[in-house]
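The structure appears right after this line, and notes come after that.
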Amino acid sequence: MTTTQERLSAEPASPAAPPAAEATATRPRRSPLHAVRRLLPAVPILAALAVWQLLTSYDVVAWVRFDKIPGPGEVGAAMTAQLESAVFYQHVVSSLGRILSGFALAGLAGVLTGIAVGRSKIAAALVRPLIEVARPIPAIALVPIAILLFPTSEQGIVFITFFAAFFPVTVATIHAMKALPPVWTDAARTLGASRFQILLHVVVPGAMPSIFSGLSVSMGVAWICVISAEMISGQFGVGYWTWMSYSLLDYAGVVTGMLTIGVLGFTTSWAIERVGRRVNRWLPGEGA
Amino acid sequence: MSTATETGAKVELREVRIDYADGPAADLDLTVAPGEVVMLLGPSGCGKSTILRALAGLQPIAAGAASVDGEPHDQSHKCAMVFQEDALLPWRTARRNVEFALAMRGVPRPQRRALAVDLLGQVGLTDFAEHLPRRLSGGMRQRVQLARTLAARPRVLLMDEPFGALDAQTRLEMQRLLVSVWRRHRTTIMFVTHDVDEALLLADRVVVLSPRPARVVRVVDVDCPREPDAQLEPTFARQRQEILALLGHDLTKP
């Protein structure tokens, strides 16, 4: 390593060095700065942890009260304990099951509704008013109704998640229908494609970029709703567990629950992003 | 459906009127012989593209009758169109775009690949078959579009200013390519352009249209169509002048 660097830094001194050699010679010089830049994102996180540690270890009370808030050490210990307990995973699996079934149903129903409303004037006249009336209702306001409607709270929670996730993907799909370049469908028509073939081969693939941005918004609101619904009426799940920890004055458990929700939310969004990139590889911004 | 020897169809427009929401767009009477190359030339916005769109079934005809080989145009499915815009499906490679047209024509899946590669070869894109459209230049994309349209095996090729967005050099290459493809397939071609030279270089007949609503002002027969050095002939210059005068004359009218 040292020898390479010495050789490289020596090279520009020789008069016959071609421009290519100069380019390679600058790289090791930039390297330390580059490493610093890569570490840069860690700085605010470490700083936040340090502030958290200070505020909680001195039990600061200045309008906001940190005297009951657990410190990073306590939370770390609680989290390690949880990661070793089977019950914790039961809660995680139960939340994931609810969100994935609600989200999958919403994705399917939303894309189908969006295509119908976007492509057919009759469907638009019949369905659009309902969508516009129901859309402003926050899904979480449906909790009492969901409890009355469904035999188990499990189904109620899935319903609330579905309701929340349905609208972003539906609206994104409707807009995608309007935004497709007409020349794609015109060309397919002159090549002899039927209405259904145009839908399958032109409209759906062309709408995928918008559909996926709708899906990632849906996933975000689905998490909000599943957690809130669990806090209110669940018997299992990370939201329920977080609220139960609060009731039992286990504040380190509360923070552990929060962080778990964060990790789950991040993972599911990341998965959608990955699938979306794969489906929409052809977009100008993507690689390949 | 699968006979390789199919050639161009006869196109007849009888008192055809096409309307936009705000008034008539075109009103014309025209017969195109099988395998003929007819260039529709007119000032921009005169409604010449609308005529092609009507023949392709993308625009309704308000009055009159259009027929292809004696059948009503909207039931014949013999017209396919090359658009000026980039009409390729961007998520499909060049080959898969051509295969799309083959699939729509009902070609069984196992045969599609070879046929698509052959068609791309005819437009000089053998090496670019696996490229996505965004990796291709504008001229190459239009070549893929031509190959894809040919894959539908149309008896009438409708071309709506297909080279309008290309630079002069590429446009010249594309014109030569079109002539070689036409010699091979012998389809009827109805080609819309506002470029007088392009019209005279490619046409059997040049149909000069009036400003909107498009009406036939004059039909100019080209003596030796698609001669390599046609531009150097005195008749070319004379016909060019004649057409320019017609267009200029009509443009100055209120």
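Each chain gets a letter, A, B and so on, in the order its sequence line appears, and its residues count up from 1.
Judged by distance alone, the side chain of R134(B) and the main-chain N or O of P90(B) form no donor-acceptor pair under 3.5 Å. Panel note: side chain Q145(B), backbone E85(B); a donor-acceptor pair is recorded below 3.5 Å. No donor-acceptor pair closer than 3.5 Å links the side chain of T93(B) to the backbone N or O of E130(B).
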Could you walk me through whether Y20(B) and Q59(B) pass the side chain to side chain contact (heavy atoms under 4.5 Å, CB included) test, one step at a time? CA-CA 9 Å; Y20(B) 285 152; Q59(B) 183 103 32; 4.0 Å; yes
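Heavy-atom distances place both the backbone and the side chain of R148(B) under 4.5 Å from chain A. With a 4.5 angstrom heavy-atom cutoff, L158(B) does not touch chain A via any of its atoms.
For the set S194(A), A188(A), P181(A), A187(A), the count of heavy-atom pairs under 4.5 angstrom toward chain B peaks at A187(A). Counting heavy-atom pairs closer than 4.5 Å to chain A, the top residue among A87(B), A152(B), A103(B) is A87(B). If you tally non-hydrogen atom pairs under 4.5 Å between each of T185(A), V183(A), V279(A) and chain B, the highest count goes to V183(A).
Summarising the geometry, atom NE2 belonging to H131(B) is positioned 10.0 Å from atom CG belonging to L125(B); distances are rounded to the nearest 0.5 Å.
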